[in-house]
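Report on the structure given below.
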Amino acid sequence: MSESASLADSFVELADPSARRNVRLRLPGLLKDFVLSINVLLVFVPLGFVSVALRWHDVIVAAFNFLAIIPLSWLISDASDTIGTHLGDLVGGLVNATFGNTVELIVGIIAIYHDELLVAQSMMLGSILSDILLVQGCCIVIAARTKGVICVNSSMVDSLSSLMLLAAMALALPTALYATLPDAAGRIDIDKKILSFSRATVVVLLVVYTAYLYFQLKTHSSLFTGHADDVDEHRPVDGRRERPTTDSPAQQIGEAHPGEGEQDDVPSMGVVYKAGAVLVISSLLIGRCTHSFMESLNGMTKALGITKTFVALFILPVASNAPELSQVVAASRKQKVDFAVGVIIGSILQIALFVLPILVVTGWAMGRPLDLYFEVSQTYILLFAVVLVNQVLHDRQYTYLHGVMLLCVYAVITMAYFTQSNS
């Protein structure tokens, strides 16, 4: 049962006279749980609409709509998990893969509609950096805080990290190609060549993504079951021998979501229909909130003295990756490191191999010249981050120092772009 459903059932008990006295005693705890949950931010959805209708300051409009996106993205994540659980491993995996980065896809399409191509590009890169450095850093720090040294499934990590490096190289190639083209060709001619190359590249990336899904969900699903290999998991750590993990993927996911792991029942069709309705409504609301955010973006950046690039790289990914961060933190506390790392790298691959190519194709259909040519500094940062994380993952054993290192790198990158905004 999801967090929002459990809270709703608890408050329904207030209408039962026989249980009113007991509920009265529990009311402070219920209110505390609700206030501390992410659902309390749903109040910013109507506030965002009101701020637009009353034409409040752009900073207020942007802030309210930004805060509204956070709980809506959580509802989308929860609804897609519910539908995926009902449909089984293969189809459910496809559903989760499709809707796993719905927020990034919606925000990117709205940005393209507003002709904010740089914002759409930068948000995709920002989401990758947030996953690869911030979320993964938190995962390692939390998991290794009590255990000291943690291990992961090396077969899964090797497969996913190789794909991650391939995706990073594909995204960096248009920038490299741009530097090799002669200036005599003319800027317009170069831009056309980069655009054509980018559109051809995204077709290849979509083929790679399809092969990745078939590999993960069909032919080699055993690599992603969460069983660490015997070599890494059973080797002595600090003089002690680790016990093998025998939890199934469903158990790992259930334990990663507090409140959902206590039951193994497949959701009924009624629950699935409700989840589908939540998915559609939340997506529409995110589209509306994003539209309002984009309309107030110019005024907000001028008032705060920051650039649109900074907003897209570091602020918007906070909203889109909030559910994923919560999921990874919960899994890390349960020592489900394989599951957490799989979620992180899977999200990165979805953005690089699916969401960004779909945005390029969407821009193509809308007559917007969205390509894969990033700023040179962004390309360097992406490559360095991927190489760094690949090196960390191939260490096989991690301590909290590895996580702190990733968090510090993310902080340095954030400060660099913030300094650029104020210069």
Just by distance, with hydrogens left out, do Ser377 and Tyr417 show a side-chain donor and acceptor under 3.5 Å apart?
-> yes
If you take all heavy atoms of Val141 and Val404, which pair is closest and at what distance?
-> CG2-N, 3.6 Å
What pair of heavy atoms forms the shortest contact from Leu370 to Leu117, and how long is it?
-> CD1-O, 3.9 Å
May I ask you to check whether over 12 heavy atoms, not counting those of Phe49, lie within 6.0 Å of atom CZ?
-> yes
Do the rings of Tyr410 and Phe314 sit parallel, tilted or perpendicular, given the 30° and 60° boundaries?
-> perpendicular
With a 4.5 Å heavy-atom cut-off, do Phe310 and Ile315 have their side chains touching?
-> yes
Beyond-backbone contact of Glu116 with Asn298, side-chain heavy atoms, under 4.5 angstrom = yes
Are side-chain heavy atoms of Gln378 and Ile381 found at a separation under 4.5 Å?
-> no
State, yes or no, whether a side-chain contact exists between Leu359 and Leu105 at a heavy-atom distance under 4.5 Å.
-> yes
To the nearest 0.5 angstrom, please state how far the CG atom of Leu313 sits from the CE atom of Met124.
-> 11.0 Å
Main-chain N/O of Ile76 paired to Ser80 side chain as donor or acceptor, under 3.5 Å = yes
Is any side-chain heavy atom of Ser347 closer than 4.5 Å to a side-chain heavy atom of Asn101?
-> yes
Looking only at atom types and distance, does a side-chain atom of Gln136 sit under 3.5 Å from a main-chain N or O of Gly403, one as donor and one as acceptor?
-> no
Are the side chains of Ile83 and Leu279 in touch, meaning some heavy atoms are under 4.5 Å apart?
-> yes
Do Ser320 side-chain atoms and Pro317 backbone N/O form a donor-acceptor pair below 3.5 Å?
-> yes
Heavy-atom nearest pair, Ser127 first then Asn321, reads O-ND2, 3.6 Å
Return yes when atom NZ of Lys274 has more than 12 non-hydrogen atoms of other residues, nucleotides or ligands closer than 6.0 Å, and no otherwise.
-> no
Considering non-hydrogen atoms only, spot the tightest contact between Val389 and Met164 and give its length.
-> CG1-CE, 4.3 Å
If the plane angle is over 60° it's perpendicular, under 30° parallel, otherwise tilted; pick one for Phe64 and Trp56.
-> perpendicular
Return the minimal non-hydrogen interatomic distance between Ala79 and Ala275, and the atom names on each side.
-> CB-O, 3.3 Å
Quick one: do Thr290 and Asn65 satisfy side-chain contact (heavy atoms from CB on, under 4.5 Å)? Show the steps, please.
-> CA-CA 7 Å; Thr290 303; Asn65 285 279; over 6 Å; no
Check against side-chain contact (heavy atoms from CB on, under 4.5 Å), Ser283 and Ile106 = CA-CA 8 Å; Ser283 299; Ile106 294 175; 3.9 Å; yes
Any donor and acceptor pair, going by atom type alone, linking the side chain of Ser332 with main-chain N or O of Ala143 inside 3.5 Å?
-> no
So does Met366 have more than 12 non-hydrogen atoms from other groups sitting under 6.0 Å from CE?
-> yes
Polar side-chain atom of Asp78 near backbone of Trp74 as donor-acceptor pair, under 3.5 Å | no
Any donor-acceptor pair under 3.5 Å from Arg368 side chain to Tyr113 backbone | yes
Distance in Å, Ile70 CD1 paired with Leu42 CG, rounded so as to fall on 0.5 Å steps | 11.0 Å
What are the two closest heavy atoms between Gln121 and Tyr373, and how far apart are they?
-> NE2-O, 3.3 Å
Over 12 foreign heavy atoms within 6.0 Å of CZ, Arg333 = no
With no hydrogens and no angle check, is any side-chain donor or acceptor of Ser326 less than 3.5 Å from a backbone partner on Ala322?
-> no
To the nearest 0.5 angstrom, please state how far the CZ atom of Phe354 sits from the CG atom of Leu206.
-> 7.5 Å
Short side-chain to backbone donor-acceptor contact, Thr309 and Ser122, under 3.5 Å | no
Pick out which of Ile128, Leu407, Val412, Val409 makes a side chain to side chain contact (heavy atoms under 4.5 Å, CB included) with Leu133.
-> Val409
Do the non-hydrogen side-chain atoms of Phe293 and Val311 ever get within less than 4.5 Å of each other?
-> yes
Keeping the roles fixed (side chain from Ser196, backbone from Lys193), state whether a donor-acceptor pair exists under 3.5 Å.
-> no
CD1 (Ile344) and SG (Cys139) are apart, to the nearest 0.5 Å, by 4.5 Å
In this structure, CG of Leu118 is separated from CZ of Phe374 (nearest 0.5 Å) by 10.0 Å
How far apart are the C-alpha atoms of Leu41 and Leu72, what are their side-chain angles, what is the distance that settles it, and do they pass the side-chain contact (heavy atoms from CB on, under 4.5 Å) test?
-> CA-CA 9 Å; Leu41 295 179; Leu72 292 173; over 6 Å; no
Residue pair Lys302 / Asp58, side-chain heavy-atom distance below 4.5 Å | no
Value for CG (Leu75) from CG (Leu285), rounded to nearest 0.5 Å, stands at 9.5 Å
Working for side-chain contact (heavy atoms from CB on, under 4.5 Å), residues Val61 and Glu295 | CA-CA 9 Å; Val61 174; Glu295 288 188 333; over 6 Å; no
